[in-house]
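Before any comments, here is the structure.
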Amino acid sequence: MTYRLPESRPQLSAPPRTAYLIASGDLRPAANAAGWPTQEALEKGVTEAFARLGWTVRRAHPYDPDKGHGFIDSQRAGLEVFKAIPPQAPLIVAEAVWQYSHHVLAGLRTHEGPVLTVANFDGTWPGLVGLLGVNAGMTKMDREYSTTWSVDFTDDFFLEGLREWTETGRITHDSSHVRPLPELPESPERTLGAAIAGQLRRDKAIIGVFDEGCMGMYNAIIDDELLNPLGIYKERLSQSALYAEMLRVPDEEADAARAWLEQAGMTFATGTDEATELTDRQIREQLKMYIAALRIADDFGLDSVGIQYQQGLKDLTPASDLAEGLLNNVQRPQVTSRDGSRVLYEGRPLPHFNEADEGVAVDALITHRIWTAMGLDPATTLHDVRWGEEYEGRFVWVWEISGSVPPSHLTGGYAGAVSWRQNPVYFPAGGGTIKGVSKPGEIVWSRLYIAGGGLHLDIGRGSVVELPAEETERRWAATNPEWPIAHVVTHGVSRDQFMARHKANHAQLAYAPDAATADAALVAKAVAFQELGVTVHLCGEVRV
């Protein structure tokens, strides 16, 4: 019997001192086209830096004049690109924009040569966020890689890193700020953390996921085999069910929620152009989503909920961001059961994990319980690690996220919040944010992630600081002025240490009233995670 066998491809080999370059992009054509000039500038800087070392950079896929960009814009496109890359070639993943990691992770998983991820340290487009996303994906799948970043690709830090990578296939970063959680003496905080962990394992909790894998974030999915031993289980929900429930919410209920927000001091920057402005119709739909999410959460007895939104709902209904931030706040518009007999989740948040990031879901759930037990405001949120610059002798991060930030985190609360329309490039159906400046104060920041087949938590202390209004506006203008912003200083962790270590595009944060309370809350939270079998890493200046 003769069978038709697949044709074999010729074995490719890379020329000496040559690195191949790929660029993963967005799935949304408008975002790719808009970000392309910034990507071109990044690639030019990287190519010139390699040339100074006597290396050639060869782009592995062409610019497409019909699309107006040269990004890999789908998983299939990524598979095709990798067919033409010599398996053992040094490979650069260059990112100046937000990208969907799954476009390239399949090829990276099996690529045999050294991999370097590079980003421009710039806030105009979320390239740093994209870099951390693909890094976290490779960390999860145990794919070795090196990473670096630069403002203009001429600084010594960047050039020395390239030199090391071209000579050894890796870049070594300073990780002296990281240490394991030590054995702790008996204390009320240790007792609290152990008790919270014990209750979670005994009684269990359910996180509701409105569709997994938002925007290609492989790193944001935690398999049940890792999640269930913590006592946490998933309720897998469809965003179509959320939309269907929105259709059942009467206009009057959504309008009452808006009236509550306006009475609390929140404002809405509205217009009449559906394509470019925030409209009353969009706000009404967003508040219907808020009400629908609470009712579905009540149906399933959820302890936390995450809405994917991108992709899927973005083409159908306005942004989820207003709903997300309200869900994370203690004080919010009242929502009753469908028959009006019960107030749902009264007097407490329903922790929402933005973009269905399950690492955030676990973190937010435990943070909520620790902070509540300590009598603190349990409002918690995540941010994109977007960008940052020196200000008066210290590095101040710009952490931003389009949704999820609760008004209690903002200076002035609801009175300091204004809803702006989301950028049409990313949000064609519109919808508003909860724009504001995060209030100055002490925070605990953290990230739960997968490495080496297990769960790890990096946790540290920081402060949200107040900057002059003109500096805040400058930073907003350099990023996304419609989003809430946090000016973050990480204690004992430099810019480059944080970038080299952080295993996600998101960072979780929660406030404490003072430094001593923040230290105590951090200890209780770290102990809870350790008791649940998570490997805990203390980062920077942490007093335990």
Side-chain angles (χ1 to χ4, degrees), residues 254-270 278 283 286-287 289-291 293-294 319-335 343-352 354 364 367-368 371-372 374-383 398-422 431-445 462-469 472-473 475-476 480-488 508-514 517-518 521:
D255 294 344
R258 179 171 177 179
W260 188 100
L261 293 171
E262 291 177 332
Q263 187 173 7
M266 186 171 176
T267 57
F268 295 85
T270 57
L278 178 63
I283 297 166
Q286 288 184 289
L287 291 169
M289 184 185 293
Y290 163 69
I291 295 166
L294 281 162
S320 58
D321 302 283
L322 177 59
E324 294 169 10
L326 296 180
L327 289 170
N328 277 334
N329 213 59
V330 176
Q331 302 297 327
R332 50 184 174 75
Q334 188 179 90
V335 175
V343 176
L344 305 182
Y345 298 87
E346 186 173 11
R348 58 192 173 100
L350 171 61
H352 180 279
N354 181 273
T367 301
H368 169 74
W371 263 242
T372 298
M374 294 180 68
L376 306 176
D377 177 8
T380 181
T381 193
L382 65 85
H383 278 281
V398 172
W399 285 6
E400 288 180 336
I401 193 68
S402 62
S404 188
V405 176
S408 68
H409 280 197
L410 304 178
T411 298
Y414 280 107
V418 58
S419 190
W420 277 23
R421 192 203 194 278
Q422 288 281 24
T433 59
I434 304 178
K435 171 185 168 70
V437 182
S438 292
K439 62 187 179 184
E442 300 302 309
I443 61 168
V444 177
W445 64 264
S463 300
V464 177
V465 299
E466 185 175 10
L467 297 181
T472 296
E473 291 298 333
R475 289 173 175 238
W476 250 333
N480 282 81
E482 68 275 19
W483 291 1
I485 190 171
H487 304 307
V488 177
Q508 189 81 5
L509 69 82
Y511 276 88
D514 52 57
T517 307

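As the structure is a computational prediction, the values presented were derived from the model and not from experiment. When reading the values below, keep in mind they use all heavy atoms of this one structure, side chains included, and skip hydrogens, waters and symmetry mates.
Contact between Pro351 and Ala364 at its shortest, heavy atoms only, is CB-CB, 4.3 Å. When all heavy atoms of Gln422 and Ser402 are compared, the pair lying nearest together is NE2-CB, 3.3 Å. Heavy atoms only, all atoms of each residue included: Gly347 and Val330 are closest at O-CG1, 3.5 Å. Here the shortest heavy-atom pairing between Gly432 and Leu278 reads N-CD1, 3.4 Å. Between Trp420 and Ala269, the shortest heavy-atom contact is CD1-CB, 3.8 Å. In terms of heavy-atom proximity, Ser404 sits nearest to Thr381 at O-OG1, 3.0 Å.
Between atom NZ of residue Lys435 and atom CZ of residue Arg421 there is a gap of 15.5 Å, rounded to the nearest 0.5 Å. With rounding to the nearest 0.5 angstrom, the OG atom of Ser438 is 4.5 Å from the NE2 atom of His383. Within the model, atoms CD of Glu400 and NE2 of His487 stand 9.0 Å from one another, a figure rounded to the nearest 0.5 Å. We find the CD-CD1 distance between Glu262 and Ile283 to be 7.5 Å, quoted to the nearest 0.5 Å. Rounding to the nearest 0.5 Å places CZ of Arg258 at 8.0 Å from CG of Leu287. Taken to the nearest 0.5 Å, the OG1 atom of Thr372 stands 8.5 Å off from the CG atom of Asp377.
When side chains are defined from C-beta on, Ser320 counts as touching Met289, because their heavy atoms get closer than 4.5 Å. Between Leu467 and Arg475, some side-chain heavy-atom pair lies under the 4.5 Å cut-off. Pro440 is not listed as a side-chain neighbour of Val465, based on a closest heavy-atom distance of 4.5 Å or more. For the pair Leu410/Met266, no side-chain contact is recorded, criterion being any heavy-atom separation below 4.5 Å from C-beta on.
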Worked check of side chain to side chain contact (heavy atoms under 4.5 Å, CB included) between His409 and Val464: CA-CA 10 Å; His409 280 197; Val464 177; over 6 Å; no
Stepwise, does the side chain to side chain contact (heavy atoms under 4.5 Å, CB included) test hold for Thr380 with Gln508? CA-CA 7 Å; Thr380 181; Gln508 189 81 5; 2.9 Å; yes
With side chain to side chain contact (heavy atoms under 4.5 Å, CB included) as the criterion, how do Leu322 and Tyr290 come out once you've worked through the C-alpha distance, each side chain's angles and the decisive distance to 0.1 Å? CA-CA 8 Å; Leu322 177 59; Tyr290 163 69; over 6 Å; no
Report the C-alpha distance between Trp483 and Val405 in whole Å, list the side-chain angles of each, state the deciding distance to 0.1 Å, and finish with yes or no for side chain to side chain contact (heavy atoms under 4.5 Å, CB included). CA-CA 9 Å; Trp483 291 1; Val405 176; over 6 Å; no
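Side-chain N/O atoms of Thr433 and Asp321 include no donor and acceptor closer than 3.5 Å. Judged purely by distance below 3.5 Å, without hydrogens or angles, the side chains of Glu482 and Asn480 pair a donor atom with an acceptor atom.
Asn329 places a side-chain N or O within donor-acceptor distance of the main-chain N or O of Ser408, the cut-off being under 3.5 Å. Listed for the Ser463 side chain is no donor-acceptor partner under 3.5 Å among the backbone atoms of Glu442. When atom types are taken as modelled, the side chain of Trp371 and the backbone of Tyr511 share a donor-acceptor pair closer than 3.5 angstrom. Side-chain atoms of Arg332 never come within 3.5 Å of backbone atoms of Leu261 as a donor-acceptor pair (strictly under, hydrogens ignored).
For the side chain to side chain contact (heavy atoms under 4.5 Å, CB included) with Val335, the qualifying choice from Leu327, Leu350, Leu326, Leu344 is Leu344, the only one to do so.
Ring geometry for Tyr414 against Trp260 counts as perpendicular: the plane angle is over 60°, on a 0 to 90° scale with 30° as the lower cut.
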